[in-house]
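In the text below, chain A, chain B and the rest are named by the order of the sequence lines, each starting its count at 1.
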Amino acid sequence: MTTSLSPESLPNRFDHAEACPRLYAWWQSQDLFAADPSRDRRPFTIVIPPPNVTGALHLGHALNNSLQDILIRMKRMQGFETLWMPGTDHAGIATQAVVERRLKEEENLTRHELGRDALVARIWQWKDQYEARIIGQLKQMGCSCDWRRTRFTLDDVCARAVRTTFFDLFRQGLIYRGKRLVNWDTFLQTAVSDDEVSHEEVKGHFWHFRYPVIDPRPGEPTHVTIATTRPETMLGDTAVAIHPDPAAALDAAEANLQDRLTRAAAKERGELLEQIEAIRARRRTMLPALEQLRDMALAGRRLMLPLVDRPIPLVADPWAKPELGSGCVKITPAHDPNDYEVGQRCGLPMVNILNPDGTLNANAGPYQGQTIAAARKRVVADLEALGLLEAVEDRLIELAHSDRSKTPIEPYLADQWFIKMDSLATAAMQAVVEERVRIVPQRYAKGYLDWLGEKRDWPVSRQLWWGHQIPVWSKRVAAAERASLDRQIRALCEANPAATMQWEGADDTAVVPGAQTAGASDQTAAVASLHVCLKQDDPTTIATLESWGLERSPEVLDTWFSSALWPHSTLGWPERTAELEFFYPTSVLITSRDIITLWVARMVLMGLNNLGEAPFSEVFIHPKILDGYGETMSKSKGNGIDPLDVIDKFGPDALRFGMAHLTTETQDVRMPVQFECPHCQTLIEQTKKNRELPRIDCPKCGQPFATQWARNGEDRDLARGAVVSERFEVARNFCNKLWNAARFALIHLDDYAPAPVSDDQLTLEDRWVLSRLATVAEQATAALESYRYADAARGLYDFAWDEFCSFYVEMLKNRLSHADQRAVAQRILAHTLDVLLRLLHPLIPFITEEIWQLLGRVAPQRGLVAPQPTALSIMTAPWPQVDAARQDPAIEAQFARFQAVLGALREIRSRQNIPPKRPIEFAVRCDDRTADLLRPMQPYFLTMAGAAAIAWGPNVQPPATEAAVTLADMDVLVDLKDFIDVAAEIARNEKLAQRLCEQIAGKESKLATPSFVDRAPANIVQRERDALTQLSEQLTATRAVLENLRKMGA
RNA sequence: GGGCGAUUAGCUCAGUUGGUUAGAGCGCUGCCCUUACAAGGCAGAAGUCACAGGUUCGAGUCCUGUAUCGCCCACCA
């Protein structure tokens, strides 16, 4: 790689738009990202949390991937054989929904009209497009993934891992068929997962209905009252429940409240007391009626379900809560998970009333064909007409909406494949408890353990087309047929180890949309289902199975199933590949907290099951990025930031450094968002109001620009305003500072000649900067190794800016102009910059590489003691060793003295408004040692503060007209000659004296407290005494100065 | 309902095991286009560390409670 620029003609800005793609392409051409398991080094592995191919990456991804690349790059420099495994996730429902929606919008087609194969082909096209875009974004961010190994959760390698795992679990008996309430999206006609459902509070009603009792006996109620927020579901009711022991349940409820009362805060007590009182009132007024209803239930009394005129039983079940409502609850087993449980316990039939498109089916009798909303109205009206509507309350209801289609979710029960979690979860919990998997920050381990501790079986089937199709062939078999089929299949499985079978018990309550009523009596018919799982798509076996009437499940697996295998499927498992042997288990997983359970826990569980070893030893959970209002960023809200907008404006290094700078141990990070006017670059604060506008008029230049909401042609033709955050300015400015410091170095290293340097040639500032550098290297390394990214970024920032640039480089300006000092100065400069670049490289890879290349041209041989040739790329340069011998607290303390005097001089200059070019004279009253130390620094006072020293030592006489700054143990006295602003100086000193008095008073009272003097550690007490002495001396000196000034003023 | 977290300068955030006078960046004020950098330099103003108790010789830091905000999980006939 060559650059034709000479150092003097380097631009004063790093041109990231030009340089970054060039550098990235060069890294790739040199194979610097490639991981090779045959190399004799220690492995360090990270698997990327595969981004969904749903769309482009957002700022959360930018954070996540920056943090991974930072670690990867440091480890690579530390000599590890480093693999960062890239890839993307097929993201089941999310991707299918996006493609389906486009299909509808652009071609007005549904997926059923297009057909399964064609739809899947469309989604593959979408995937190719977005995978390319995502990988492009990662590359622009500088991510050093081994791209040759890029995987996709639906590719052949991953598919094989999925098949193998599913088959294995199936054979172990850990996969079974069961019922689960699904969130049915009637628009997309598919089930959606819980995390794709958002709950909104809407105004709704709570209806109280009365169901007539069939043939009430004397003294019995004629009606039973129930309440519901979803009246139309009454068409699917198959019972009304009453608690089997209302008195005991009331006692239990009261005991529970009493227990809470003992722990409750004062504010909550009133409410609890009210509730207790309500229960007591119920015991007095309602208990007899409830017990009567219970007796009726036990006696087998039935109710007449109105509108469809279906007799339904009154059942006794503890799900009914006597402390709530009427004490009776309607039971709709096909549309409510709790009701389903009741149905199971009481042997109730299930009546599904819903078609897949959200209209009511034949089970709804006269309401068949109506939409839910229409049916709801009519059910209420019809019940009212019958005089069975007892009351209507207004109530806020949490209504579930599908994130994908924005339509209300309808819950109903469907057959699903489940994974038994008991043993798998226990193993995954142990891995964390025993710290074989360490979660950082540790507080997140609790959520992981709690979630796994519930051991809720994992429903893994989805009614989708995009995903790994479940490799199970099934048939419902009548009792008569069972024995012969069993014999056939059993023989087949014995002959073929890649086939395994399972009977599903006498379960005839399967409910699918549109299914007819399944009566309780059917259960006795003992129709069982036979399931055969195949490890491979072996055409002969499939043909055989199909000839026997088995059909493959149309369903696909939950997308998290394939994600759970990611750490080993990407390495080629179930093959024992060299990669798997070498790189598994991986080193660390870096992700955000919202998928600790969905993903992290399942990876641990599957890794343990498939390989007997957890997939990683550490999990780092990074913060979440919120907008300026503390809301999560999302494209649908309009407050999301595209990392490419940030890269365009600030550059990829600034994006990464900014991300690291934000990554503290907190769980959230706020990032106020601005629009950038494309005409005048003004930043316009994004508000909740303007973030949804299609166009915005720039308040500065008045010109309009488009936002992501631009829909009509006129708006779309406008220039688009980027959405950015000024929180990246710090990082951008830092990169610029570094670039210019490097420019200074390059300009002054033109005659660099590598020669050994001995310690006695080093000046105070050399020793100081080397000491600081060693400390910073140590701290930055420790910080990055323990995921304290912000500490690393801040430490390096402070050193580079405040110490290297503001002091060391400034001081070099003198020495470089002296021929006899130039060579040593150049050596230390080149060395310091070299080490600093290497420390910064993981954070800001592009700019450090560019400088590294340029530095290599003027100073190819660097090193503190003996010159050494440097690496071709900074990526392969060794990580700086911590040079403990260079750490010198004494030198740092001495340098601090110099800095203090310099600061005092600058303060006086500024206070007195002395023109910058006008030199001043000063004296320092201090002890002899300090004087000896500071005397050689005279040239620096001249160049850095425009101040010439006229005297040093304990007995210097103050100049006639002075301004003074009193430091810890010395006075800096400036001769102000004719330009003193006496009044200003008096005011300043008065203020200072007052502050000193306050501090002295504080210290004195502290030291006068016997308990402090007696009980605090001696060193602390001594420190207070020393401080008091020093403050008193400062006060005396300040008063003397004041007196002098007042004389002058008079 | 359960859990987790936050509250420090106008804004965004640091603040190690409790111990001198609580820091940074942005913004603000003043001076400077000083030959690496105006995306810069020098200096300055700005804080009742959310509130109330407690522990301690000593609390931004530890404990309890309150308020506000946020996130996760569960549930709501």
Side-chain angles (χ1 to χ4, degrees), chain A residues 10 12-13 206 208 226-230 233 240-241 260 265-267 319-321 324-332 336 338-339 397-398 443-444 446-447 450-451 454 593-594 596-597 624 626 628-632 650 654 661-662 664 666-672 725-727 729-748 790-791 794 797-798 802 805-806 809-810 813 903 906-911 913-917 943-946 995-996 998-999 1002-1003 1006 1009-1017 1019-1021 1023-1024 1026-1028 1030-1031:
Chain A
L10 286 171
N12 65 357
R13 294 269 189 276
F206 199 45
H208 299 255
I226 54 91
T228 182
T229 54
R230 296 168 64 210
T233 61
V240 167
R260 276 173 54 195
K267 196 188 71 171
W319 167 242
K321 306 282 180 245
L324 292 175
S326 67
C328 293
V329 57
K330 65 195 269 305
I331 302 297
T332 323
D336 182 284
N338 292 306
D339 291 5
I397 301 171
E398 294 260 301
R443 62 174 178 272
Y444 293 113
K446 186 173 163 44
D450 287 352
W451 187 80
E454 289 181 31
R593 68 174 181 279
D594 36 13
I596 293 174
T597 52
K624 247 183 115 139
L626 309 176
Y629 296 99
E631 296 180 14
T632 47
F650 298 107
H661 204 257
L662 302 170
T664 58
T666 53
Q667 55 178 20
D668 297 313
V669 167
R670 267 181 197 226
M671 181 167 283
S725 176
E726 63 193 358
R727 291 202 65 186
E729 281 180 7
V730 182
R732 190 260 323 256
N733 294 354
F734 175 68
C735 291
N736 183 240
K737 187 75 177 174
L738 180 71
W739 175 254
N740 281 292
R743 214 157 66 99
F744 171 87
L746 294 167
I747 290 168
H748 291 95
D791 285 352
R794 285 166 215 247
Y797 179 101
D798 290 344
D802 299 335
C805 289
S806 293
V809 166
E810 285 307 316
K813 286 176 180 173
R906 285 168 165 176
E907 188 188 337
I908 291 169
R909 288 198 72 112
S910 180
R911 291 278 179 203
N913 270 324
I914 300 170
K917 285 182 179 129
T943 53
M944 295 171 79
R995 213 175 64 209
L996 286 168
E998 283 163 13
Q999 284 166 12
K1003 295 265 180 263
K1006 197 171 190 178
T1009 312
S1011 54
F1012 172 67
V1013 183
D1014 295 346
R1015 307 184 66 161
N1019 62 324
I1020 298 291
V1021 176
R1023 201 195 292 174
E1024 290 295 305
D1026 293 348
L1028 178 59
Q1030 217 167 73
L1031 287 168

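Closest contact between the side chain of A:R443 and the listed nucleotides B:U21, B:C4, B:G25 involves B:C4.
A:T943 OG1 to A:K813 NZ: the interatomic distance, rounded to the nearest 0.5 Å, is 9.0 Å. A distance of 6.5 Å separates NE2 of A:H661 from OH of A:Y797, quoted to the nearest 0.5 Å.
Between A:E729 atom CD and B:G27 atom C1' the separation is 11 Å, expressed in whole Å. Rounding to whole angstrom units, CD of residue A:E726 and C1' of B:G10 are separated by 13 Å. Put simply, CG on A:D798 is 19 Å from P on B:C13, counting in whole angstrom units. As a whole-Å value, the separation of A:R593 CZ from B:G3 C1' is 12 Å. The separation between A:D802 atom CG and B:G23 atom C1' is 12 Å, rounded to whole Å. When the P atom of B:C75 is taken as reference, atom CG of A:N338 falls 8 Å away, rounded to whole Å. To the nearest angstrom, P of B:C32 lies 14 Å from CD1 of A:I914. A:D450 places its CG atom 19 Å from the P atom of B:G1, with the value rounded to the nearest Å.
As rounded to the nearest Å, B:A45 and B:C51 have P atoms that lie 24 Å from one another. Only the C1' atoms considered, B:C28 is 12 Å distant from B:C11, to the nearest whole Å. For the C1' atoms, the distance linking B:A14 with B:U61 amounts to 13 Å, nearest Å. Taking atom P on both nucleotides, B:U21 is separated from B:G25 by 23 Å, rounded to a whole Å. Nucleotides B:U66 and B:G3 are separated by 13 Å at their P atoms, to the nearest Å. Taking the C1' atom of each, B:G23 and B:C62 are spaced 22 Å apart, rounded to whole Å. Comparing B:U7 with B:C63, their P atoms sit 14 Å apart, to the nearest whole Å. A distance of about 34 Å separates the C1' atoms of B:U12 and B:G1, rounded to the whole Å.
There is no side-chain donor-acceptor pair under 3.5 Å between A:S1011 and A:T1009.
Here the closest non-hydrogen pair linking A:K330 and A:T233 is NZ-OG1, 2.7 Å. Here the shortest heavy-atom pairing between A:D336 and A:N338 reads OD1-N, 2.8 Å. Between A:K1003 and A:A1027, the shortest heavy-atom distance links the atoms CE-CB, 3.7 Å.
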**Prompt:** In B/S/- notation, 5' to 3', how is nucleotides 33-46 of chain B contacted by protein heavy atoms closer than 4.0 Å?
**Reply:** ---BBSBSSSSS--
**Asked** Once each nucleotide of nucleotides 14-20 of chain B is scored for protein heavy atoms under 4.0 Å, what B/S/- sequence comes out, 5' to 3'?
**Response** S----BB
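Side chains of A:V1013 and A:E1024 form no contact here, defined as non-hydrogen atoms less than 4.5 Å apart.
Contacts of A:T332 with the nucleic acid, taken as non-hydrogen atoms under 4.0 Å apart, are absent. Contact annotation for A:W451: no contact, since no heavy-atom pair falls under 4.0 Å across all strands. Using a 4.0 Å heavy-atom cutoff across all strands shown, A:C735 reaches no nucleic acid atom at all. Residue-level contact check: A:V669 touches the backbone only, with heavy atoms under 4.0 Å from sugar-phosphate atoms and none from bases.
Taking the six-membered ring where tryptophan is involved, the planes of A:F744 and A:H748 are tilted, since the angle between them lies from 30° to 60°.
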**Intra- and interstrand pairs of RNA chain B - dot-bracket, Watson-Crick/G-U under 3.5 Å, | marks other strand** = (((((((..((((.....[...)))).(((((.......))))).....(((((..]....))))))))))))....
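No side-chain donor-acceptor contact under 3.5 Å links A:R13 to the backbone of A:W739. No donor-acceptor pair under 3.5 Å is formed between the side chain of A:R727 and the backbone N or O of A:L662.
Annotation: side-chain hydrogen bond (donor to acceptor under 3.5 Å, both in side chains) contacts of A:S725 (sequence neighbours excluded): none. With sequence neighbours excluded, the residues satisfying side-chain contact (heavy atoms from CB on, under 4.5 Å) with A:D791 are A:A783, A:R788. Applying the side-chain contact (heavy atoms from CB on, under 4.5 Å) test to A:K624 and every residue at least two apart in sequence or in another chain returns A:R593, A:D594, A:T632, A:D668.
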